[in-house]
Amino acid sequence: MRKNIWKWGLFILLLAPVMTACKDDDEDDYNFRNDPHITQTVESRYPGAQIVEVERTYQGYEVQMWLNNGEADMHLDLNYQWLYTEFEDIAWTSVPEVVVNSFTQDGFTFNPREDDVDRIEYPNGTETAVQYRIELDREPTDIILYYNADGSQHPGSGSNPSAQIPMAITQMVATKYPGANIIEMDRTAQGWKSHATLTLLGTQDCPLWLQYD
């Protein structure tokens with residue numbers, strides 16, 4: 001009986017930090033949503049946007065917003081400076097004609113029932129640049145294409161992840177996580193987001209955020 005009580009006591013002690021951490025996360029999220037630095041940055045960039053949730057990331061903050069009857073994710077650095085904003089799953093009809101024409105001329109077709117397109121805004125000097133990320137659901141490998149607002153295709157487009165990844169990045173991943181297998185690589189306005197299977201973590205699919213110019 002005493003042995004069972006001791007086991008339960010040890011279990012509760014081990015569980016306590018986890019429960020505390022979850023509570024702290026909720027409190028932090030509330031504090032982030034009410035942080036005047038974050039609210040001011042959001043309001044200055046997107047007047048009228050409603051902050052739904054804020055998460056702390058390795059590079060700063062991810063602010064989930066409700067804007068113009070849709071969701072958007074705004075990313076800030078540690079100094080609350082705007083990095084980029086993602087408008088996910090936008091309507092194909094809202095993509096500029098010049099981008100659609102380039103996409104079609106490149107030999108692709110878009111199926112609204114299976115394919116997705118995201119609109120990405122990011123700072124380019126004193127102006128705001130726009131990029132369109134088009135993901136085509138194809139077998140056996142999805143095709144991910146990036147187009148600038150003028151219709152030109154952005155580097156990083158393609159169907160073979162290993163073919164579009166700079167050598168410096170593959171070496172970086174290999175050095176940091178020996179034996180990792182990159183299964184997907186996305187080019188963002190600020191760098192590369194990699195999904196890799198890490199054998200040291202039990203072959204889990206883990207997102208890796210990389211900064212590379």
Side-chain angles (χ1 to χ4, degrees), residues 33 38-55 57-77 80-138 141-159 161 164-165 184-195 207-213:
R33 280 186 285 132
I38 293 178
T39 56
Q40 290 172 10
T41 300
V42 171
E43 181 63 23
S44 64
R45 175 61 54 178
Y46 301 104
Q50 178 185 355
I51 297 178
V52 178
E53 184 179 358
V54 178
E55 293 184 3
T57 68
Y58 87 99
Q59 65 185 54
Y61 306 89
E62 179 179 346
V63 184
Q64 186 181 64
M65 309 178 298
W66 184 256
L67 177 65
N68 298 329
N69 296 320
E71 291 186 357
D73 292 327
M74 184 178 185
H75 295 258
L76 311 177
D77 65 16
Y80 308 101
Q81 298 299 307
W82 179 47
L83 293 175
Y84 63 96
T85 303
E86 294 178 296
F87 298 84
E88 298 183 354
D89 299 331
I90 66 174
W92 180 247
T93 54
S94 67
V95 177
E97 184 178 359
V98 64
V99 174
V100 174
N101 290 340
S102 295
F103 172 81
T104 303
Q105 291 171 5
D106 288 337
F108 299 104
T109 57
F110 187 87
N111 185 343
R113 292 177 299 179
E114 298 179 352
D115 305 329
D116 300 312
V117 55
D118 303 332
R119 184 175 188 270
I120 303 173
E121 296 182 353
Y122 59 97
N124 183 19
T126 59
E127 300 180 350
T128 298
V130 177
Q131 184 182 103
Y132 293 88
R133 178 184 186 274
I134 304 174
E135 182 172 356
L136 307 178
D137 186 6
R138 303 291 186 268
T141 305
D142 291 348
I143 299 176
I144 300 176
L145 304 166
Y146 294 88
Y147 287 90
N148 298 313
D150 62 0
S152 60
Q153 193 173 130
H154 194 282
S157 296
S159 59
Q164 56 181 301
I165 305 172
E184 182 181 348
M185 178 71 76
D186 296 340
R187 181 70 164 87
T188 72
Q190 296 300 318
W192 296 79
K193 178 183 179 182
S194 167
H195 283 272
L208 307 174
W209 288 91
L210 308 171
Q211 290 295 121
Y212 177 81
D213 298 326

Give the minimum heavy-atom separation between V42 and A49, together with the two atoms involved. CG1-CB, 4.0 Å
Set out, in order, the CA-CA distance, both residues' side-chain angles and the distance that settles side-chain contact (heavy atoms from CB on, under 4.5 Å) for I51 and T39, then state yes or no. CA-CA 8 Å; I51 297 178; T39 56; 3.9 Å; yes
Can you see which heavy atom on Y132 is nearest to which on A149, and at what distance? CE1-CA, 4.5 Å
Sorted by chain and number, sequence neighbours left out, side-chain hydrogen bond (donor to acceptor under 3.5 Å, both in side chains) with T128 holds for R45
Does the pair Q64 and E71 meet the rule for a side-chain contact (heavy atoms from CB on, under 4.5 Å), with working shown? CA-CA 7 Å; Q64 186 181 64; E71 291 186 357; 3.8 Å; yes
Working note: F110 + T104, criterion side-chain contact (heavy atoms from CB on, under 4.5 Å); need CA distance, chi angles, decisive distance, verdict. CA-CA 9 Å; F110 187 87; T104 303; over 6 Å; no
Is a side-chain donor or acceptor of N148 paired with a backbone partner of G151 at a separation under 3.5 angstrom? no
Check whether any side-chain heavy atom of L67 lies under 4.5 Å from a side-chain heavy atom of M74, and answer yes or no. no
Pair listing, salt bridge (Lys or Arg N to Asp or Glu O under 4.0 Å) test, anchored in residues 105-120, at least two apart: D115-R138, D118-R133, R119-E121
Aromatic rings Y46 and W82: how do their planes relate, parallel, tilted or perpendicular, breaks at 30° and 60°? perpendicular
So which atom in G48 and which in E43 form the shortest heavy-atom distance, rounded to 0.1 Å? N-OE1, 3.4 Å
Got more than 12 heavy atoms from elsewhere within 6.0 Å of CG, N101? yes
Shortest non-hydrogen contact from A129 toward N124: CB-CB, 3.8 Å
Mind checking whether Y61 and L83 have side chains closer than 4.5 Å, heavy atoms only? no
How long is the span from the CZ atom in F108 to the CD1 atom in I143, to the nearest 0.5 Å? 5.0 Å
Separation between CG (D137) and CG (N111), nearest 0.5 Å, reads 8.5 Å
Please round to the nearest 0.5 Å and tell me the distance separating atom OG1 of T57 and atom CG of L76. 8.5 Å
Can you tell me how the ring of Y147 sits relative to the ring of F103, calling it parallel under 30°, perpendicular over 60° and tilted otherwise? perpendicular
